[in-house]
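One structure is given below, encoded as structure tokens.
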Amino acid sequence: MPAFNGRVSGADYDAFIRDGVLCLRDALTPEEISHLRGAVDRQIAALGVSRTGYDFEALARQVWDEGRPVETGAADRFDMRRMKDMVRADAWARPLQEAPGDHGEGMFFYDVAAWKHDRGVRQVAFDSALPEIAAHLMDAAYVNFWEDTTFVKAPHTRQKTAFHQDLAYFQIEGDQCVVVWIPLDPATLENGVMQYVRGSHLWGETYAPNVFVSQTPFASSPEKRCPDIEGAPEKYDIVSFDVEPGDVIIHHVKTVHGAGGNPTGSWRRAVSLRYCGDRARYFDRPGAIAQVGVSHTLKDGDRLFAADYPVVWPKPWPQMRLADLFRLPEDS
Ligand SMILES: O=C(O)CCC(=O)C(=O)O
């Protein structure tokens, strides 16, 4: 076990290695949370005109309603018409939604790669306590930042997040990668906090990505379908944590996880940051989701040395602010 000098105690490290998930309290400052809230608000405001922002709740309604066309505004990252056909052709697929309430329609907002145009997100991703924590949990000599993803469940959102494993969504080989789920609002099981299958990172399996609104695996992935956790939750050791802004939940890239809808009247906003360690290698994995705006020419087996995957740990000197070094063309 490595010697810890940061926020991760030996007991936390052991729990992460055993369970594949760890909740750390007060890991981020109020200022850092406010940077992320600002970025998420801007992403949501751009829904309809952004090329990367989606409302998966609206999409699910379009998928399950035969006659309803698929509308995604300007968002063109995914071929959602094909996705609708894929889900409808899947004999195992079923809607994954909370019971209808009296409140109309919520929103399951999804967007990615805010770090490429939002300095506040870069400050959290590069200069908070998270890179060092990730290095400890991965026993990594250095850490690359992979990407950020936003997951928001507005009040009265019926759509669940289908249980899935993250590895096969990413173009990486090896499993030296951790995902940090950052709640921007208090979150409990009532409003859709994340749920994790304890120990599933040790099952020795890689599962195909699914489309979040259904367990349907991407047809282009050669990997097997994730087990139907929603169908028989009592068979699995599912763990969740009640969290407040400032807390983070970190999971191993092979830990199976999902979430309920948010039938409550309060928001459940979250940002998920992904970090890789020095043993991760680039792998143009069939079925992985194409990343937004990458400019590298890495080949399979390469280290993640590219401007798309900044090295965020170790710092050349303490207190250095890496976010100050980045000026990206998309910066607003
Ligand atoms: O917040 C959610 O509903 C999904 C989050 C997730 O799957 C992730 O962070 O990997």
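Atoms within a ligand are numbered from 1 in the order they appear, just like the ligands themselves.
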Look at atom 3 (O) of ligand 1 and say which protein heavy atom is nearest, naming residue and atom and giving the distance to 0.1 Å.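 Result for atom 3 (O) of ligand 1: T161 OG1, 2.7 Å.
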So which heavy atom in the protein is nearest atom 9 (O) of ligand 1, and how far is it from that ligand atom?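 For this ligand atom, the closest protein heavy atom is S272 OG, 2.7 Å.
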Could you list the atoms of ligand 1 found under 4.0 angstrom from a heavy atom of [X]?
X: R274; answer: 8 (C), 9 (O), 10 (O)
X: H164; answer: 7 (O)
X: R268; answer: 1 (O), 2 (C), 3 (O)
X: D166; answer: 10 (O)

Within the side chain of D148, is there an N or O that forms a donor-acceptor pair under 3.5 Å with the backbone of S272?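 Between the backbone of S272 and the side chain of D148 there is no qualifying donor-acceptor contact (under 3.5 Å).
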Donor-acceptor under 3.5 Å (Y207 side chain, V256 main chain):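 A pair under 3.5 Å: no.
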Side chain to side chain donor-acceptor pair (under 3.5 Å): which pairs involve residues 232-243, sequence neighbours left out?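 Found R198-D237.
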More than 12 heavy atoms from other groups under 6.0 Å of CZ on R25: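 Yes, the 6.0 Å shell around CZ holds more than 12 heavy atoms from other groups.
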Winner among K153, H257, M194, H251 once heavy atoms are compared against atom 4 (C) of ligand 1: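 Heavy atom nearest to atom 4 (C) of ligand 1 belongs to M194.
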Part of [X] within contact of ligand 1 (heavy atoms, under 4.0 Å):
X: Q159; value: neither
X: T149; value: neither
X: K160; value: neither

Can you find a side-chain donor-acceptor pair between Q291 and Y169 that sits under 3.5 Å?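 No.
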What do the steps show when you test D228 against R94 for salt bridge (Lys or Arg N to Asp or Glu O under 4.0 Å), and what is the final call? CA-CA 11 Å; D228 182 4; R94 60 183 189 276; 3.0 Å; yes
For the student: nearest non-hydrogen atoms of Q176 and M138, plus distance: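 For Q176 and M138, the tightest heavy-atom pair comes out as NE2-O, 3.0 Å.
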